[in-house]
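First up is the structure itself, then whatever we jot down about it.
Hydrogens, waters and symmetry mates play no part in the numbers below; they use all other heavy atoms, side chains included. So that the names make sense, note that chain A is the first sequence line, chain B the second, and so on, each numbered from 1.
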Amino acid sequence: MPIIIKMEKKFRPKQWEDRLIEFWEKNKYFQAQVNKDKEPFVIILPPPNANGSLHVGHAMYVYEDILIRYYKLKGREVLWLPGEDHAGFETWFVFEQELKKKGKSKLDFDREVLYQMVYDFVNEKRGIMRKQLKKLGFALDWSKSKFTLDQDIIHIVYLTFKKLFDQGLVYRGLRVVNYCVNCQTSFSDLEVEYEEEKSKLWTIRYPLADRSGYVLVATTRPETMIGDTAVAVNPNDKRYKKLIGKKVSLPLANREIPIVADLAVDPDFGTGAVKVTPAHSEVDWQIAQRHNLPLVQIIDFDGRANENALKYQGLTVFEFRQAVVADLRQQGFLVEEKDYQHRVGKCYKCKTTIEPLAKEQWFVKIKPLVDKVKPLLERNEVKIYPNRFKQQLINWLNKLYDWNISRQIVWGIRIPAYQCQDQSNLECKKHNGWFVELTTPKKCPYCDSEKFIQDEDTFDTWFSSGQWPYATLMSLASNGKNLLSLEQYKSLSFFKYFYPTTVMETGFDILSRWVSRMLMLGVFAVGETPFYNVLLHGLVRDQYGQKMSKSKGNVIDPLELVDKYGADALRAALIFNTKVGSDINMSEEKVVAMRNFANKVWNIGRFIYLGINTEKSSAKTSESVEAVIKDLLNEYKTVEKKFHQLFKRFNLTMAFDLLYNFIWHRFADYYLEKLKDAVWQGDEYALDSLKTVYLSLLRLLNPYMPFVTEAIALSLSNKSFYDEIGS
RNA sequence: GGUCGCUUAGCUCAAUUGGCAGAGCGCCUCGUUCACAUCGAGGAGGUUGAUGGUUCAAAUCCAUCAGCGACCACCA
């Protein structure tokens, strides 16, 4: 059922925006289905974190909407798939803040209750976000929306994990991880932020065990010396050559530890001798591995000294440090204390200093996955726009360490790993009793023991969102009903039709965190890339290029702008005069400028509308008018051709710029003015020519400004652009 | 320390393979009878950060320098 839109004098987007949204939805223009006659064009929406409301960064989805609408008009079978991310730790953090406001703590509830509470919280946010996305006019196929915690999505995540486990690509290991003692969880390397901090560098004297001398070590963390299991020097350092293999007596701890030689030690820094604390430093851990050194953990996961810390037990790290320094000074082991500035790892959320702690965690072996991804990039089977990010991505892939995917939080997908408590069977012992099952098992698959426990941890969010392209499509292919195997999912026609997706469009800030993981997991689980093109956008900043933040008070609320100027204006403001892959400066001024353009487009429509209602004359079109029309048609053809060429290279900005200038300064200011008199005199040929070109221009503009263009088309021609597919 | 990006009009930024430097906002002059003042006509404003090189031709390619920014790594 078509909707009536009046070509009223005043340009008022509010008159029709909500009605158009409803109209598009009712007609199911953007509900995709398998259609063998058409080539699919698929974008999976990067799922927003379902823990807040829409901010201007989300408005960048407009890039995807423009592509979707453009290819819809080109006659492709388009699928733009929405969804939300449970955003494990991110959401957990927000939720804990809410709890605190209510004077509660996570300790007041048990695991199941807590999980349900967060689930309800997230569900409410999901609803709000959907409404907001619709307001911007996004042509998402809401009939297919998915959530990262849908039962079948979790099932697919489990399938991937099991496949990794079965192939030996995921392992459980005791390693030094980045641990936040405040948030009580570990992080991957990518989630640690470093900050400059003023501190001290202490030089400590370690006497040789045979009392023939001493070694000086420099450290920023004297308290960890209680957990030292060696002193390391560079094998080529002449000063220390004679000492390698000897032992020192560790002050305060009354233990003897060896002096080892390791190339990781820089002879030029400090004293050239390093204390080695494998349980509390990643570098030391690695040295310990090479020299078979024992591990002494002295700081616990609550951030306090534990029972191995002797008399210091119970102290916080800060107190521990003070006490150790005081004792060293008093007993004459402290040689020097000087000011020192260095970078300290911080929790990216709460800014607590990251404590490197040894912990058993699940790790994904990165290298075998990376090796399958790199050729795709090198052979350009996956293209990155702008291209400069390609090398950056390859560099990262080469540098990645094994990926810690365990998180010690309740909110997330629980790791389906179980440990047999009996371990009576050899096979059992081989894996330390660990086995992976898709559903809660009844017994250990190796020894049939019924005594086993499930790992308490949940997956890193990126482990599940890294599977998003294939997980969503597999889920939809099976209608979400049957839980199948990866091979079965892959053979479903829906999946085969829509996978791999066409474009992955996202912010360049999550190139390493997300895009690289999607490539690795997609290629691993499906055997094919999850997408052919990666389109990267930058950060949205304020009009002076400043980052938006609540404290600066320069945060722009996209919905407020939509309310004030219309969704078209906001959409175009994010495109106008920008460059792909660079940060985008947003200002109300720019939105106003685009609102003015929408107004211009509207008023051209009004002119034509009034022309249609003018009494027609039988007089022949004059030669001069005919000449102008000929020029107009020619110029339009050139513009149209150029427009499509720009689109092919995803150059959405230049394509828009081209339209903006042509519509305003050529079509309206020049041609329309030249033909105006003829139209008022009832020249039908002049009017029809203007109308034809105008509607063609609206069609090109539609992806950018779907509301005003569709409103006019419905009003002038009584047809939606989405009805006449395939022109 | 490594990688990458940026520096163009008063401000914020564009410029597809090297080919007459553009836009938005702001500024100046003029113009409201019939699409639009959320407008039209016209105008001022640039040695494209600096220096050198390649070329018939450089904002664009190369080298060096200066300033700004991002990401990654990290020395205890």
Side-chain angles (χ1 to χ4, degrees), chain A residues 7 9-12 189-190 192 194 201-204 217-222 224-225 228 231-232 264-277 280-284 287 340 342-345 386 388-389 391-392 394-396 398-401 508-509 511-512 538-539 541-545 547 565-566 569 572-573 576-611 614 642 645-646 648-651 653-658 660-661 664-665 668-669 672-673 676 679-680 690:
Chain A
M7 294 296 290
K9 187 170 168 74
K10 193 125 171 84
F11 170 66
R12 284 191 295 180
D189 298 333
L190 296 176
V192 178
Y194 290 85
L201 185 65
W202 288 273
T203 305
I204 307 167
V217 298
T219 181
T220 54
R221 298 203 58 186
T224 62
M225 67 177 289
D228 281 2
V231 168
V265 181
D266 176 1
D268 295 329
F269 185 87
T271 60
V274 189
K275 56 191 278 314
V276 180
T277 321
H280 298 290
S281 155
E282 172 67 28
V283 175
D284 292 6
I287 293 174
Y340 185 66
H342 67 145
R343 293 171 70 77
V344 177
R388 66 188 154 90
F389 286 109
Q391 197 51 49
Q392 197 168 321
I394 293 175
N395 289 347
W396 271 331
N398 284 332
K399 271 196 289 194
L400 285 178
Y401 292 107
F508 65 66
D509 51 325
L511 184 62
S512 60
L539 196 67
R541 295 166 176 275
D542 78 0
Q543 61 180 316
Y544 302 111
K547 248 186 199 171
Y565 303 106
F576 187 73
N577 218 18
T578 63
K579 187 161 73 173
V580 183
S582 298
D583 288 347
I584 288 161
N585 292 3
M586 218 5 212
S587 65
E588 193 156 335
E589 265 175 14
K590 211 162 161 183
V591 183
V592 169
M594 291 303 111
R595 189 273 317 264
N596 293 352
F597 177 53
N599 172 65
K600 192 71 182 173
V601 171
W602 174 256
N603 275 293
I604 300 168
R606 262 181 51 79
F607 172 83
I608 287 168
Y609 169 76
L610 293 174
T614 300
K642 216 169 161 188
Q645 281 170 355
L646 288 165
K648 257 185 207 153
R649 292 194 297 266
F650 300 113
N651 201 333
T653 297
M654 284 188 77
F656 180 72
D657 198 52
L658 179 72
Y660 177 94
N661 279 306
W664 199 321
H665 301 300
D669 289 350
L672 194 147
E673 290 298 330
K676 196 181 238 176
V679 170
W680 289 145
L690 278 173

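Remark: A/Tyr401 OH is loosely packed, at most 12 non-hydrogen atoms of other residues, nucleotides or ligands lying under 6.0 Å away.
Rounded to an integer number of Å, the gap from CZ of A/Phe389 to P of B/C71 is 11 Å. If you measure from atom CD of A/Glu588 to atom P of B/G26, you get 13 Å, rounded to the nearest angstrom. The CG-C1' distance, from A/Leu658 to B/G22, rounds to 14 Å in whole Å. Distance, A/Leu511 CG to B/A70 P: 17 Å, rounded to whole Å. Between A/Met225 atom CE and B/A76 atom C1' there is a gap of 14 Å when expressed in whole angstrom units. Whole-Å rounding puts the A/Trp602 CH2 to B/C36 C1' distance at 12 Å. Taking atom CG of A/Asn661 as the reference point, atom P of B/G24 lies 7 Å away to the nearest angstrom. The CD1 atom of A/Ile608 sits 14 Å away from the P atom of B/C36 (whole-angstrom rounding).
Here, B/G45 and B/G31 have their P atoms 23 Å apart, quoted to the whole Å. Separation of the P atoms belonging to B/A21 and B/A37 is 36 Å when rounded to the nearest angstrom. Comparing the same atom, P, in B/C20 and in B/U38 gives a spacing of 36 Å after rounding to whole Å. Comparing the C1' positions of B/U47 and B/A41 gives an interatomic distance of 31 Å, to the nearest angstrom. Nucleotides B/G24 and B/A15 are separated by 15 Å at their C1' atoms, to the nearest Å. Nucleotides B/G2 and B/U48 place their C1' atoms 30 Å apart, quoted to the nearest Å. B/C11 and B/G26 have their C1' atoms separated by 8 Å, with the value rounded to a whole Å. A distance of about 33 Å separates the C1' atoms of B/G49 and B/G42, rounded to the whole Å.
When side chains are defined from C-beta on, A/Trp202 does not count as touching A/Arg221, because their heavy atoms never get closer than 4.5 Å. Here the side chains of A/Asn585 and A/Arg541 are in contact, with some heavy-atom distance below 4.5 Å. The shortest distance between side-chain heavy atoms of A/Ser281 and A/Thr224 does not fall below 4.5 Å.
The main-chain N or O of A/Leu539 is found under 3.5 Å from a side-chain atom of A/Asp583 such that the two form a donor-acceptor pair. Under the 3.5 Å distance criterion, the side-chain polar atoms of A/Thr277 are left unmatched by any main-chain donor or acceptor of A/His280. Listed for the A/Arg388 side chain is a donor-acceptor partner under 3.5 Å among the backbone atoms of A/Gly581.
For A/Asn577, there are no side chain to side chain contact (heavy atoms under 4.5 Å, CB included) partners, not counting sequence neighbours. In this structure A/Tyr565 satisfies the side chain to side chain contact (heavy atoms under 4.5 Å, CB included) test together with A/Leu561, A/Ala569, A/Glu588, A/Val591, A/Val592, A/Arg595, sequence neighbours excluded. For A/Glu589, the side-chain hydrogen bond (donor to acceptor under 3.5 Å, both in side chains) criterion is met by no residue, not counting sequence neighbours. Take A/Arg343 and apply the side-chain hydrogen bond (donor to acceptor under 3.5 Å, both in side chains) test, not counting sequence neighbours, and it matches no residue. Listed by chain and number, the residues in a side chain to side chain contact (heavy atoms under 4.5 Å, CB included) with A/Val679 are A/Phe607, A/Ala686, A/Leu687, A/Leu690 (sequence neighbours excluded). By the side-chain hydrogen bond (donor to acceptor under 3.5 Å, both in side chains) test, A/Asp189 pairs with A/Asn178, sequence neighbours left out. Scanning for side-chain hydrogen bond (donor to acceptor under 3.5 Å, both in side chains) contacts around A/Arg606 gives an empty result, with sequence neighbours left out. A/Ser512 meets the side chain to side chain contact (heavy atoms under 4.5 Å, CB included) test with A/Leu190, A/Trp396; sequence neighbours excluded.
Under the side chain to side chain contact (heavy atoms under 4.5 Å, CB included) test applied with A/Val217, the options A/Val231, A/Val274, A/Asp228, A/Thr203 reduce to a single match, A/Val231.
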Checklist outcome for this item: Intra- and inter-strand pairing of RNA chain B, written as dot-bracket with Watson-Crick and G-U pairs under 3.5 Å and | for the latter, reads (((((((..((((.....[..)))).(((((.......))))).....(((((..]....))))))))))))....

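The 5' end of RNA chain B is approached more closely, in terms of each residue's nearest nucleotide, by A/Tyr660 than by the other of A/Tyr660 and A/Ser512.
Among the protein residues, A/Leu610 comes within range of the sugar-phosphate backbone only, with heavy atoms under 4.0 Å from sugar or phosphate atoms but none that close to a base. Counting non-hydrogen atoms under 4.0 angstrom, A/Leu201 reaches nothing in the nucleic acid. No engagement by A/Ala598 is indicated, since no non-hydrogen atom pair under 4.0 Å with the nucleic acid exists.
With B/U3, B/C4, B/G24 as the candidates, the nucleotide lying closest to the side chain of A/His665 is B/G24. Closest to the A/Ala593 side chain, of the nucleotides B/C72, B/C25, B/U3, is B/C25.
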Any protein N or O atoms within reach of nucleotides 37-39 of chain B? Criterion: under 3.5 Å, listing atom names and distances.
| residue | atom | partner | partner atom | Å |
| --- | --- | --- | --- | --- |
| B/U38 | O4' | A/Asn596 | OD1 | 3.2 |
| B/U38 | O2' | A/Asn599 | ND2 | 2.3 |
| B/U38 | O2 | A/Arg595 | NE | 3.0 |
| B/U38 | O4 | A/Lys10 | NZ | 2.9 |
| B/C39 | OP1 | A/Asn596 | ND2 | 3.2 |
| B/C39 | O3' | A/Lys600 | NZ | 3.2 |

Produce the list of close N/O pairs, under 3.5 Å, pairing protein atoms with atoms of nucleotides 73-75 of chain B; give distances to one decimal.
| residue | atom | partner | partner atom | Å |
| --- | --- | --- | --- | --- |
| B/C74 | N4 | A/Arg343 | NE | 2.7 |
| B/C75 | O2 | A/Asp266 | OD2 | 3.1 |

Could you list the protein-to-nucleotides 11-18 of chain B atom pairs, N/O on both sides, closer than 3.5 Å?
| residue | atom | partner | partner atom | Å |
| --- | --- | --- | --- | --- |
| B/U12 | O3' | A/Asn585 | ND2 | 2.5 |
| B/U12 | O2' | A/Asn585 | ND2 | 3.4 |
| B/C13 | OP1 | A/Asn585 | ND2 | 2.4 |
| B/C13 | O5' | A/Asn585 | ND2 | 3.1 |
| B/C13 | O2' | A/Asn577 | O | 2.5 |
| B/C13 | O2 | A/Asn577 | ND2 | 2.9 |
| B/A14 | O4' | A/Asn577 | OD1 | 3.0 |
| B/U16 | O2' | A/Arg649 | NH2 | 3.3 |
| B/U16 | O2 | A/Arg649 | NH2 | 2.9 |

